[in-house]
Amino acid sequence: MSDLTLDQWTARAGQMNFRAQAFIDGRFTDAASGKRFSSINPATGAALAEVAECDAADVDRAVIAARRAFDDGRWSRAAPAERKAVLLRLAELIRENLHEMALLDSLDMGKLVQDAVTIDAPGAAHFFQWHAEAIDKLYDEVAPTGPGDLALVRRVPIGVVGAVVPWNFPLDMATWKAAAALAAGNSVVLKPAEQAPLSALRLAELAAEAGVPDGVFNVVPGYGPTAGKALGLHMNVDCLAFTGSTAVGKLFMQYAGQSNLKAVWLETGGKSPNLVFADCQDLDAAADMAAFGIFFNQGEVCSANSRLYVERAIKEEFLEKLADRAAGMQPGNPLDPAAGMGAIVDEKQVQGIMRFVEAGKTSARLVAGGERVSVDGKGCFVQPTIFETAQDNPLARDEIFGPVLSVIPFDSEDEATAMANDTIYGLAASVWTDDLSRAIRVSEKLHAGTVSVNTVDALSAQTPFGGMKQSGFGRDLSLHSFDKYTALKTTWIRYKT
């Protein structure tokens with residue numbers, strides 16, 4: 001945990017210099033159009049920087065640079081030990097600039113700086129290090145053949161990777177895509193979310209300092225319908241990795257069909273269920289993690305445990321515990337280590353959240369919260385909010401992407417699993433029980449990419465992260481992340497025996 005105070009964080013924030021140009025072919029550059037857009041601090045409403053607004057022309061410049069770098073082999077054919085050393089150096093540079101990287105995300109999208117400096121920024125360094133260490137531990141194959149034949153099956157980089165990432169974890173999501181893609185030997189063109197582009201631009205600068213060659217890692221800030229769409233339609237992008245909404249993920253699949261049939265890997269929406277059974281002996285731990293699972297990062301988490309199914313016998317007791325925890329997680333200045341939650345990313349997101357909340361006040365039982373608030377008279381803040389509701393209420397069906405929890409009682413294991421699976425999403429799920437047989441049985445029945453037992457949102461570099469159904473089908477993290485960014489190439493050699 002960082003031991004900096006609010007005043008110290010504020011002082012450091014006031015000394016920040018923001019990289020606001022695009023990063024193409026190893027240098028910072030303005031958008032070809034000269035256009036810029038404002039990056040706004042959602043906690044204060046103040047403009048942080050005027051950022052280059054890239055469009056199709058800039059994406060094309062970046063893709064050309066990435067293709068040239070890939071084809072001449074400056075990175076794609078570099079020795080594994082060389083790529084490993086560079087990415088390990090990048091991991092160290094992130095650690096050396098930990099406070100700066102944390103502040104960039106906190107100021108840009110409103111998350112608690114305490115979370116950014118203890119979870120997000122160290123996580124980015126760790127994931128770069130982990131993928132770097134994997135580079136020289138991935139082996140190719142020799143296929144079984146008859147005498148006189150030798151068949152080599154090699155995993156080769158796919159080429160130019162386009163990556164479009166969301167605003168809720170700006171640095172980490174950029175890292176999840178770029179670390180694996182770069183480790184595999186690809187060139188990358190990254191489009192960060194327009195709401196939070198600043199840490200991605202600083203990451204590009206650190207990558208160059210670490211020794212990533214010009215053209216290998218490019219960052220094109222801009223809007224989805226222009227820069228994002230241009231990446232999706234580009235004929236010279238070999239693979240598109242996307243984390244974001246299900247609706248936009250479907251657009252990228254259309255773009256692939258309209259262009260060059262590029263591989264598209266999606267991690268999209270979620271409405272993750274959390275099932276708490278009465279045989280769970282430690283209800284305090286379950287309540288702690290249930291609150292964390294929805295209120296961490298202001299609920300702006302794709303895998304947020306936003307549907308809580310509680311066995312009816314313990315429902316009222318559990319609701320009281322949740323309400324107590326919500327009371328202790330009230331929003332505050334994101335730079336204040338004592339704040340319980342930070343700011344919602346922007347005004348549009350606040351309004352979307354509050355539409356759900358206001359509708360819920362007439363269709364469900366409000367247990368806690370339910371109000372928009374200000375901090376020091378300004379900012380985009382919403383209280384941690386809890387509703388007891390029915391399974392068919394939009395509160396329990398739609399991805400709100402905010403600090404809003406829907407609690408639904410159940411009477412049997414079969415009823416709980418049926419309701420948990422009654423969704424278009426399948427990203428994550430959690431189960432709380434002291435019965436091992438039930439834990440295994442329920443986990444097998446739940447349709448989700450990750451099922452956490454007696455915890456929530458379990459995640460590590462060693463395990464794949466991704467979903468089922470309309471939560472998408474890509475996988476980040478683990479050795480499986482290399483599957484997205486490589487192709488299997490067979491070389492068959494016939495020789496004289």
Student: Side-chain contact, heavy-atom cut-off 4.5 Å: P403 with I353?
Tutor: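 When only atoms from C-beta onward are counted, I353 and P403 do touch, with a gap below 4.5 Å.
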Student: Should the pair D136-K84 be classified as a salt bridge under the 4.0 Å nitrogen-to-oxygen rule?
Tutor: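 A salt bridge is present here (some side-chain N lies under 4.0 Å from a carboxylate O).
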Student: Taking only residues two or more places apart in sequence, or in another chain, which ones meet F242 in a ring pair (Phe, Tyr, Trp, His ring centres under 6.0 Å)?
Tutor: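 Testing F242 for ring pair (Phe, Tyr, Trp, His ring centres under 6.0 Å), a comparison that skips the adjacent residues, returns F252.
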Student: Keeping S245 on the side-chain end and V248 on the backbone end, is there a donor-acceptor pair under 3.5 Å?
Tutor: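 Yes: the side chain of S245 pairs with the backbone of V248.
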Student: Between the main-chain N or O of L488 and the side-chain N or O of R154, is there a donor-acceptor pair closer than 3.5 Å?
Tutor: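 Side chain of R154 to backbone of L488: no pair is present.
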Student: With a sphere of 6.0 Å drawn around CE of M253, does it hold more than 12 non-hydrogen atoms of other residues, nucleotides or ligands?
Tutor: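 Not more than 12 within 6.0 Å, no.
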Student: Can you check whether I24 reaches V220 side chain to side chain, under 4.5 Å on heavy atoms?
Tutor: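 The answer is yes, as the side chains (C-beta and beyond) meet within the 4.5 Å cut-off.
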Student: Minimum heavy-atom separation for S430 to D457, with atom names?
Tutor: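 Scanning both residues completely, I find the closest heavy atoms to be OG-N, 4.0 Å.
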Student: Please indicate whether K321 has more than 12 foreign heavy atoms, meaning atoms of other residues, nucleotides or ligands, lying under 6.0 Å from its NZ.
Tutor: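 Count over threshold, so yes.
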Student: Report yes or no: is the cationic atom of R155 (NZ for Lys, CZ for Arg) under 6.0 Å from the centre of the six-membered ring of F482, at an angle within 45° of the ring normal?
Tutor: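 Not satisfied by the 6.0 Å and 45° rule.
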Student: If we ignore angles and hydrogens, is there a donor and acceptor under 3.5 Å between the side chains of T243 and K177?
Tutor: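 Looking only at side-chain atoms, K177 and T243 do form a donor-acceptor pair, the distance falling under 3.5 Å.
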Student: Has the side chain of S76 got a donor or acceptor atom that lies under 3.5 Å from a matching backbone atom of F70?
Tutor: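 Pair found, side chain donor or acceptor close to backbone of F70.
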Student: Side chains of S33 and E53, heavy atoms from C-beta outward: is any pair under 4.5 Å?
Tutor: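 No - every pair of side-chain heavy atoms lies 4.5 Å or more apart.
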Student: Donor-acceptor check, side chain of R36 to backbone of D30, threshold 3.5 angstrom: yes or no?
Tutor: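 A pair under 3.5 Å: no.
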Student: Between F465 and W176, does the ring centroid distance fall short of 6.0 Å?
Tutor: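 Yes, the ring of F465 comes within the 6.0 Å limit of the ring of W176, centre to centre.
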Student: Taking the side chain as every heavy atom from C-beta outward, state whether S272 and R307 have any pair of such atoms under 4.5 Å apart.
Tutor: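 Of all side-chain heavy-atom pairs linking R307 with S272, none is under 4.5 Å.
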Student: Measuring from D115:CG to N297:CG, what's the distance to the nearest 0.5 Å?
Tutor: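 Between atom CG of D115 and atom CG of N297 there are 7.0 Å.
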Student: CD/E100 to CZ/F18 distance, rounded to the nearest 0.5 angstrom?
Tutor: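 Interatomic distance, E100 CD to F18 CZ, rounded to 0.5 Å: 9.0 Å.
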Student: Could you tell me if the ring centre of F23 sits under 6.0 Å from that of F217?
Tutor: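 So the answer is no for these two rings.
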Student: Measure across L201 and V219 and return the closest heavy-atom pair with its distance rounded to 0.1 Å.
Tutor: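 Smallest interatomic distance, heavy atoms only, reads CD2-CG1, 3.6 Å.
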Student: Find the distance between NZ (K229) and CG (D55) and round it off to the nearest 0.5 Å.
Tutor: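 The distance works out to 13.0 Å.
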Student: Working to the nearest 0.5 angstrom, can you tell me the gap between E133 CD and H131 NE2?
Tutor: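 NE2 of H131 is found 12.0 Å from CD of E133.
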Student: Could K484 and D476 be called an ion pair, given the rule that one side-chain N must be under 4.0 Å from one carboxylate O?
Tutor: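 So K484 pairs with D476 through a salt bridge.
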Student: So, D346 and K348, do they make that salt bridge, N to O below 4.0 Å?
Tutor: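 No.
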Student: So, R12 and D7, do they make that salt bridge, N to O below 4.0 Å?
Tutor: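 Looking at D7 together with R12, the answer is no, because their closest N to O distance does not fall below 4.0 Å.
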Student: Okay, side chain of R67, backbone of N236: is any donor-acceptor separation there less than 3.5 Å?
Tutor: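 Side chain of R67 to backbone of N236: a pair is present.
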Student: Is the closest side-chain donor-acceptor distance between D108 and S39 under 3.5 Å?
Tutor: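 Looking only at side-chain atoms, S39 and D108 do form a donor-acceptor pair, the distance falling under 3.5 Å.
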Student: Any side-chain heavy-atom pair from V357 and R372 closer than 4.5 angstrom?
Tutor: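 A side-chain contact is absent here, since even the closest heavy-atom pair is not under 4.5 Å.
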Student: Considering only NZ, NE, NH1 and NH2 on the basic side and carboxylate oxygens on the acidic side, decide whether K271 and E399 come within less than 4.0 Å.
Tutor: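 No, K271 and E399 are not salt-bridged.
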Student: Under a 4.0 Å threshold between the charged nitrogen and the carboxylate oxygen, would R89 count as salt-bridged to E96?
Tutor: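 Result for this pair is yes, salt bridge flagged.
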